[in-house]
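Below is one structure, written out as structure tokens; the observations come after it.
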Number of protein chains: 2
Amino acid sequence: MGIVVQKYGGSSLSDAEAVKRVARRIVEAKKAGNEVVVAVSAMGDSTDELLDLAAQVSPLPPARELDMLLTAGERISMALVAMAISDLGYTARSFTGSQAGVITDSVHGKAKIIDVTPGRIRDAIGEGHIVIVAGFQGVSQDTKEITTLGRGGTDTTAVALAAALQADVCEIYTDVDGVFTADPRIAPAARKLDKVTFEEMLELAASGAKVLHLRSVEYARRHNIPIHVRSSFSQLEGTIVTGSINDEETVMEAPIIAGVAHDRSEAKVTVVGVPDKVGEAARIFDALAQTQINLDMIVQNVSAAATNLTDISFTLPSTDAKAALECLDGLKEQVGFESLLHDDKIGKVSLIGAGMRSHPGITAKFFTALAEAGVNIEMISTSEIRISVVVAESDVDAAVRATHTAFDLDADEIEAVVYGGTGR
Amino acid sequence: MGIVVQKYGGSSLSDAEAVKRVARRIVEAKKAGNEVVVAVSAMGDSTDELLDLAAQVSPLPPARELDMLLTAGERISMALVAMAISDLGYTARSFTGSQAGVITDSVHGKAKIIDVTPGRIRDAIGEGHIVIVAGFQGVSQDTKEITTLGRGGTDTTAVALAAALQADVCEIYTDVDGVFTADPRIAPAARKLDKVTFEEMLELAASGAKVLHLRSVEYARRHNIPIHVRSSFSQLEGTIVTGSINDEETVMEAPIIAGVAHDRSEAKVTVVGVPDKVGEAARIFDALAQTQINLDMIVQNVSAAATNLTDISFTLPSTDAKAALECLDGLKEQVGFESLLHDDKIGKVSLIGAGMRSHPGITAKFFTALAEAGVNIEMISTSEIRISVVVAESDVDAAVRATHTAFDLDADEIEAVVYGGTGR
């Protein structure tokens, strides 16, 4: 009998009725002849409510205690799901991350899974139970402390369980029907993808598509676990994430472009007038790295011949912009740059597709579409299967729509879905 | 340096402000030179809210999952208390019951502590931390499952920790100033007791005084751990529970009467016309025991000579009355009794004091006081240091006041306190 791992996010577990609906869904999978293991997030907004309580008690709570607090959220939802399953006449056993053998490193708040030892899960399966596991959490290998995996962590828990249990598939249930060629709220003609490769999904996730968390896709690719992203509100087939762009057959079948992603959460910082000599850029990015700031796109153009000065721009999460500017301000004399510019009214639009490797002219077509829509490009960055541009925030919608149409992604009929984040 | 164990109940942890006040209190004890270990209950009404959620999901949730759910409550409060302490510049480590080494039997919902192995607590103390432990919970020895100790469980957690750590004292913080000679809401002249023996406290708790849970007093007596019951809202000294009525010195110092307790939570059932022959009573109480019903007082008088029939009355928690009546109904033909009477408009009033062993006339004085107050006695039961009577529920207040006055327990000045339950 095959093992199916399912994941239900907070939006699928908003209240008692939702918990009961999820339980029916789980029981269906069991009735269909599968062994079922389920990873759950905290209910609805309960994580934010706990964070709120913490903030009322302490402006800067210790990370260890914050993890202790937040893990209560999944504990509540897993117990309720198990109860609802029992009410349907099936038996379920819920396990915390620690009980489930989710072993992590010791970095509170964003721990990485380093091993899964699912002894208790296997025992419970052997006894005929459905297994419910608290997502987003684990226990540290060295210190035996409770840890959390950070936002999107329950996706990663599900994939890690699927890998450890050699499951047939990892089903990620969410509030949308699957992975779309663009956000349907912006491009109403967006289509659901039936299939997408791990690499494309990675680029989509990194470029702002919120349906799957980046880390879970990385984990699935590394362990070659197919992910089925689907809606907990319908019976429709969703999107299968599987296969590599390096696999001939996959690429032959794949469309040229998987989709258009966008991201409004970043800001742009430009260091103006940096002396163009060896080591200046290193000095700047060293300092930023030591402030624990994650940068996204970095662009430096050739310096103006007359002045021998250059400008360096980068994007980063808006929430980190203040810290970055303070850090750079402290370097001003040392580096000798002229000034700092800061713009948080930007957006990033990315075109992603394995097929672009073998199809010349994609970039030209992309930029032409943007030009025809009157969208000015501020920054450009590319990877093997992705082209990203930074544009004014007010141009994001037009850019997504124009690109989507230019690459013939528009569906014949518009599907009625809502595309949104999935919390954890 | 001595170890002090403190316990804070849900009413002392009602919201973020209350958590911060408790944290200040804990830090004071640390500053005074103690090692401090704290057991906490879930915040305010959060346990009831979780029970409510469970009821919405399943009418009869599995006990294992209910324990998993409820233990989230203390997890939240312990993490918040630790955060608030850290905000005051001290370090705290919170531990679940399982992490703290609270080992129980496997009876979900009302597990008994069978051992405490506080290795992690000792380590944390050794590192200079204040330790916060989730009350009310543990982990089962055989199955390694999460268990809860039932209502009042956090009192027991605190006492068990104090015993395992050989603490100097176990301070139970609550919303009243200590143990009173009667409920001040009923007898406004009630006085706070400075000291009371374990046995007296046991009888008080068993007779309806809600300030300490019966099981925690039993545990403290067995391990000879002094309990200091005091208010988390004031700096007043509370009541010390310590010493035995079998210790000469203690008895010499003790007042004759410790207090008057009352309990309105019981109902009375009378089995009318039971044939007075060997084995009939056993048959009745065997059947009730098998239905898992705990009886309190049991009274049987001599049978009427003419009929050779007798009546057997007992009291039990009102919530169990329905089950008891159904059970007895099934025995009617077998036992051949005449009928069943049921009265849930009763109350129990108890007079408790170690001194009554050596002072004759206590019973007469008690009954005279009740008679003068116009209170009719329905049932009587006595122990070595307690006399209890069942009266009409509407007579309870008058009975408590009359008894309190008759035994000279009234204070000269009325203390302004509220006497109430402490949740867990």
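Since the structure is predicted, the reported quantities are computational estimates derived from the model, not experimental observations. Chain letters run A, B, ... following the sequence lines, proteins first and then strands; every chain starts at 1.
The distance from the CZ atom of Arg75(A) to the CE atom of Met68(B) is 5.5 Å, given to the nearest 0.5 Å. Atoms CD1 and CD, on Ile146(B) and Gln99(A) in that order, are 5.0 Å from each other to the nearest 0.5 Å. The CD1 atom of Ile76(B) lies 7.5 Å from the CG atom of Leu53(A); values are rounded to the nearest 0.5 Å.
Leu66(A) touches chain B through backbone and side chain together, each having a heavy atom under 4.5 Å away. Proximity to chain A is absent for every atom of Ala23(B), based on heavy atoms less than 4.5 angstrom apart. Using a 4.5 Å cut-off between heavy atoms, Glu17(B) makes no contact with chain A at all.
If you tally non-hydrogen atom pairs under 4.5 Å between each of Met78(A), Arg120(A), Met43(A) and chain B, the highest count goes to Arg120(A).
Considering every non-hydrogen atom in both Ala92(A) and Glu65(B), the closest pair reads O-OE2, 3.6 Å. Minimum interatomic distance between Leu69(A) and Leu80(B) (heavy atoms only, all atoms of both residues): CD1-CG, 3.9 Å. Closest non-hydrogen pair, Pro62(A) versus Ser86(B), comes out as CG-OG, 3.3 Å.
Put simply, the side chain of Arg93(B) never gets that close to the backbone of Arg64(A): no donor and acceptor are under 3.5 Å apart.
No more than 12 heavy-atom neighbours from other residues, nucleotides or ligands sit within 6.0 angstrom of CG on Asp45(B). The number of heavy atoms from other shown groups lying within 6.0 Å of CG (Leu60(A)) does not exceed 12.
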